[in-house]
> 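Okay, handing you the structure first.
Bear in mind that the values here come from a model prediction, so they are computed numbers and not experimental data.
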Amino acid sequence: MPSLLFLVSVLALQSQQLTATELSLGAATVIAHGTFVGAELGLAHRPSGDSRVALALAGGTIAERPAARAQLTLQLLVNPAARRGPGFYAAVGGAFTARRGAPGQGFLAVLLGCEVAPGRRQGLYVELGFAGGVRVAAGWRTRTFPTWWL
């Protein structure tokens with residue numbers, strides 16, 4: 001009988017969607033005609049087990065002038081519950097760059113990313129993609145999961 005209760009509880013947990021709220025801190029650069037270099041703050045939410053909506057806000061410089069970037073992406077997570085090893089994801093969305101003394105610009109954003117142990121509370125990440133130039137970002141990500149997950 002105890003093994004049956006264990007099996008039922010495992011099946012119940014598997015039927016629930018793994019949601020999470022995430023906060024990221026890191027650095028980002030976009031290599032283009034005017035290269036952007038800055039610090040990035042990211043907020044994200046996993047509404048289901050295999051997707052994430054992410055907003056990344058960055059402040060830095062372009063051609064020695066203050067600049068800001070915002071990027072909103074929808075991400076597809078390959079193995080979001082992995083508690084060890086890498087977790088891969090792909091994303092598509094939009095980005096906007098504003099610089100003092102120049103009009104703002106919007107771009108299509110496409111990226112590939114890799115994060116350490118996406119099923120754990122925290123880990124490192126790195127992203128490579130295109131958003132007005134070649135974009136590279138890396139940093140640290142912390143996550144809040146439902147109580148049943150941990």
Side-chain angles (χ1 to χ4, degrees), residues 10 12-150:
V10 168
L13 287 177
Q14 288 179 345
S15 68
Q16 294 178 324
Q17 292 288 331
L18 178 60
T19 62
T21 302
E22 302 175 340
L23 174 68
S24 304
L25 298 170
T29 187
V30 178
I31 302 165
H33 176 65
T35 297
F36 173 86
V37 177
E40 186 173 76
L41 171 69
L43 300 170
H45 181 68
R46 295 187 199 175
S48 68
D50 58 357
S51 65
R52 172 170 51 212
V53 177
L55 174 65
L57 303 172
T61 61
I62 296 176
E64 299 179 10
R65 290 186 184 159
R69 284 184 57 88
Q71 180 172 285
L72 181 64
T73 56
L74 176 59
Q75 302 178 358
L76 176 62
L77 310 173
V78 176
N79 49 350
R83 293 186 188 214
R84 289 188 207 161
F88 298 99
Y89 54 96
V92 65
F96 180 79
T97 300
R99 179 178 75 175
R100 177 173 276 173
Q105 293 179 303
F107 306 99
L108 174 67
V110 179
L111 66 91
L112 295 174
C114 180
E115 57 191 332
V116 176
R120 292 190 159 243
R121 287 190 182 265
Q122 59 186 354
L124 302 174
Y125 72 93
V126 63
E127 297 176 347
L128 176 64
F130 298 100
V134 176
R135 179 181 175 273
V136 178
W140 172 78
R141 184 172 284 151
T142 184
R143 303 171 189 94
T144 304
F145 293 103
T147 55
W148 61 265
W149 178 247
L150 305 172

> Could you tell me whether a side-chain N or O of N79 sits under 3.5 Å from a main-chain N or O of P86, the two making a donor and an acceptor?
yes
> Would you name the heavy atoms of F88 and C114 that are closest together and state the gap between them?
CE2-SG, 3.6 Å
> Please step through side chain to side chain contact (heavy atoms under 4.5 Å, CB included) for the pair V134 and V30, ending with a clear verdict.
CA-CA 5 Å; V134 176; V30 178; over 6 Å; no
> How long is the span from the CZ atom in R52 to the CG atom in L74, to the nearest 0.5 Å?
10.5 Å
> What's the shortest heavy-atom distance between T19 and P47, and which atoms?
CG2-O, 3.6 Å
> Pair L72, F96 - check side chain to side chain contact (heavy atoms under 4.5 Å, CB included), show working.
CA-CA 9 Å; L72 181 64; F96 180 79; over 6 Å; no
> Supply the atom-to-atom distance W140 CH2 to L23 CG, rounded to the nearest 0.5 angstrom.
6.5 Å
> From S24 OG over to E127 CD, what is the distance, rounded to the nearest 0.5 angstrom?
7.5 Å
> Which heavy atom of G101 sits nearest to which heavy atom of R65, and what is that distance?
O-NH1, 4.2 Å
> Can you check whether R135 reaches Q71 side chain to side chain, under 4.5 Å on heavy atoms?
yes
> How many angstroms lie between atom CG of L112 and atom OH of Y89, to the nearest 0.5 angstrom?
9.5 Å
> Would R143 and R46 satisfy side chain to side chain contact (heavy atoms under 4.5 Å, CB included), going step by step from the backbone distance to the final call?
CA-CA 10 Å; R143 303 171 189 94; R46 295 187 199 175; 3.3 Å; yes
> What's the separation between atom CD1 in I62 and atom OG1 in T29, rounded to the nearest 0.5 Å?
9.5 Å
> Just verifying a value: how many Å separate R120 CZ and T142 OG1, rounded to the nearest 0.5 Å?
13.0 Å
> Checking H45 side chain against A20 main chain: does a donor-acceptor pair fall under 3.5 Å?
yes
> What are the two closest heavy atoms between R69 and A131, and how far apart are they?
NH2-O, 3.1 Å
